[in-house]
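Okay, structure first, notes after.
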Amino acid sequence: HYRERKLNTQILLKWNNWLTQKQRWVPLIIYIPLLYFLGWIIVLPIRILWSNLQENELSLLSTIISFLLFITLLPGWAKARWKEENYFATMGLLSYSKINFIRYLFRGLSCSFGLIFIVLFSVLLTPWGNWLGAFNFGIALNAILLAFLVGFAEEVIFRGWLLGELINLTNPKLAIILESLIFSLV
């Protein structure tokens, strides 16, 4: 156990040294591509084991693994670079009570479903839209999960991590402009 603990300590020390280096832009630029690379490395054995997986399924799996790595490493990043002890609570992900969470979730879902209904209804009433009469539960479930998970991931990555990092490196006004430009390009 001593050697394992010593190795873990050395890895954490090297990680913190890399995060707090003098060229503060370097970790910001390299971090996401590094996580995608690690995601692909982790997926490679799965590709060998299940050869019938399609390329887009492997790509999705590596993206999910990369995001899980991102979420796992985010508190350490925030502690080393921003001196933030409890990053998820600061973002508001852990500080809501269950009642407030359910109320805000229901309010947000109601607004989003209302907007979707307005758009779909207006499209179906015009010549642009055509209802085929078929409903596939699998596709509907995929769309709902995709909307929730992609929306959550975008908020955490862009509004949480990237904006916080850019504020730390520049000033708030410039950080908002840069984050908005990067978000629109991605």
Side-chain angles (χ1 to χ4, degrees), residues 28 31-33 35-36 38-40 42-43 46-47 50 52-75 77-78 84 86-167 170-186:
L28 173 66
Y31 189 55
I32 296 294
L35 290 178
Y36 268 105
L38 290 173
W40 271 109
I42 293 170
V43 166
I46 295 171
R47 184 180 199 170
W50 290 288
N52 59 344
L53 287 176
Q54 296 176 1
E55 195 69 33
N56 63 339
E57 294 169 331
L58 288 170
S59 177
L60 179 61
L61 186 58
S62 72
T63 302
I64 290 170
I65 290 170
S66 298
F67 182 69
L68 291 175
L69 286 170
F70 176 81
I71 290 293
T72 303
L73 296 173
L74 191 56
W77 177 287
E84 184 69 50
N86 196 346
Y87 180 72
F88 293 121
T90 301
M91 283 186 59
L93 294 174
L94 300 177
S95 61
Y96 286 118
S97 68
K98 289 183 180 180
I99 294 171
N100 283 340
F101 175 76
I102 292 170
R103 186 174 68 209
Y104 292 137
L105 178 65
F106 183 72
R107 184 184 301 164
L109 288 175
S110 299
C111 290
S112 64
F113 283 127
L115 289 172
I116 290 171
F117 178 76
I118 290 170
V119 170
L120 285 177
F121 191 70
S122 62
V123 167
L124 290 175
L125 289 177
T126 64
W128 299 326
N130 185 14
W131 179 257
L132 299 176
F135 180 79
N136 185 330
F137 181 75
I139 292 175
L141 180 64
N142 184 31
I144 290 169
L145 288 175
L146 187 63
F148 276 108
L149 296 177
V150 169
F152 175 75
E154 284 178 355
E155 290 300 318
V156 169
I157 291 171
F158 287 98
R159 304 296 186 268
W161 173 74
L162 183 62
L163 183 59
E165 188 66 19
L166 290 172
I167 287 172
T170 63
N171 62 63
K173 287 181 182 179
L174 181 59
I176 290 171
I177 292 169
L178 289 173
E179 185 268 340
S180 299
L181 287 171
I182 293 169
F183 182 79
S184 65
L185 292 174
V186 172

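Just the heavy atoms: all of them, side chains too, but no hydrogens, waters or symmetry mates, feed the values below. Computed from a predicted model, the values in this text were never measured in an experiment.
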> CG of Leu125 to CG of Leu120: how many Å apart, nearest 0.5 Å?
Replying inline: 10.5 Å

> Any side-chain heavy atom of Trp40 sitting closer than 4.5 Å to one from Leu35?
Replying inline: no

>> A side-chain contact here means heavy atoms from C-beta on lying under 4.5 Å apart; do Phe67 and Phe152 qualify?
In response: yes

> Which atoms form the tightest heavy-atom contact between Ile71 and Pro75, and what is the distance?
Replying inline: O-CD, 3.3 Å

> Just wondering, do Val156 and Leu74 contact through their side chains at under 4.5 Å, heavy atoms?
Replying inline: yes

> Does a sphere of radius 6.0 Å around CZ in Phe158 hold more than 12 heavy atoms from other residues, nucleotides or ligands, not counting ones at 6.0 Å or beyond?
Replying inline: yes

> Hey, what do you get for CG (Leu181) to CD1 (Ile176), rounding to the nearest 0.5 Å?
Replying inline: 12.0 Å

> Mind checking whether Trp161 and Phe70 have parallel, tilted or perpendicular rings, split at 30° and 60°?
Replying inline: perpendicular

> In Å and rounded to the nearest 0.5 Å, what is the OG to CD1 distance from Ser184 to Ile182?
Replying inline: 9.0 Å

>> Using only atom types and a distance under 3.5 Å, with no angle test, would you say the side chain of Glu57 pairs donor to acceptor with the backbone of Gln54?
In response: yes

> Going from NZ on Lys173 to CG on Leu178, what distance comes out if it is rounded to the nearest 0.5 angstrom?
Replying inline: 14.5 Å

> Step by step, would you call Ile64 with Leu149 a side-chain contact (heavy atoms from CB on, under 4.5 Å)?
Replying inline: CA-CA 10 Å; Ile64 290 170; Leu149 296 177; over 6 Å; no

> Can you tell me how far the CG atom of Leu185 sits from the OG atom of Ser180, to the nearest 0.5 Å?
Replying inline: 10.5 Å

>> Measuring from atom CG of Leu163 to atom CD1 of Ile157, what distance do you get when rounded to the nearest 0.5 angstrom?
In response: 13.5 Å

>> I want to check something: taking the side chain as every heavy atom from C-beta on, are Ile65 and Val43 in contact at a cut-off of under 4.5 Å?
In response: yes

>> Phe121: which residues meet the ring pair (Phe, Tyr, Trp, His ring centres under 6.0 Å) condition with it, sequence neighbours left out?
In response: Phe117

> What are the two closest heavy atoms between Ile167 and Pro172, and how far apart are they?
Replying inline: CG1-CA, 4.1 Å

>> Just so I know, are the side chains of Glu154 and Phe183 near enough to count as touching, which here means a heavy-atom distance under 4.5 Å?
In response: yes

> Taking all atoms of both residues into account, what is the closest heavy-atom pair of Gly39 and Ser66, and its distance?
Replying inline: CA-OG, 3.5 Å

>> Taking side chain to side chain donor-acceptor pair (under 3.5 Å) as the definition, give me every residue that meets it alongside Glu55, ordered by chain and number, with sequence neighbours left out.
In response: Arg47

> Would you say Leu28 and Leu162 make side-chain contact, with heavy atoms under 4.5 Å?
Replying inline: yes

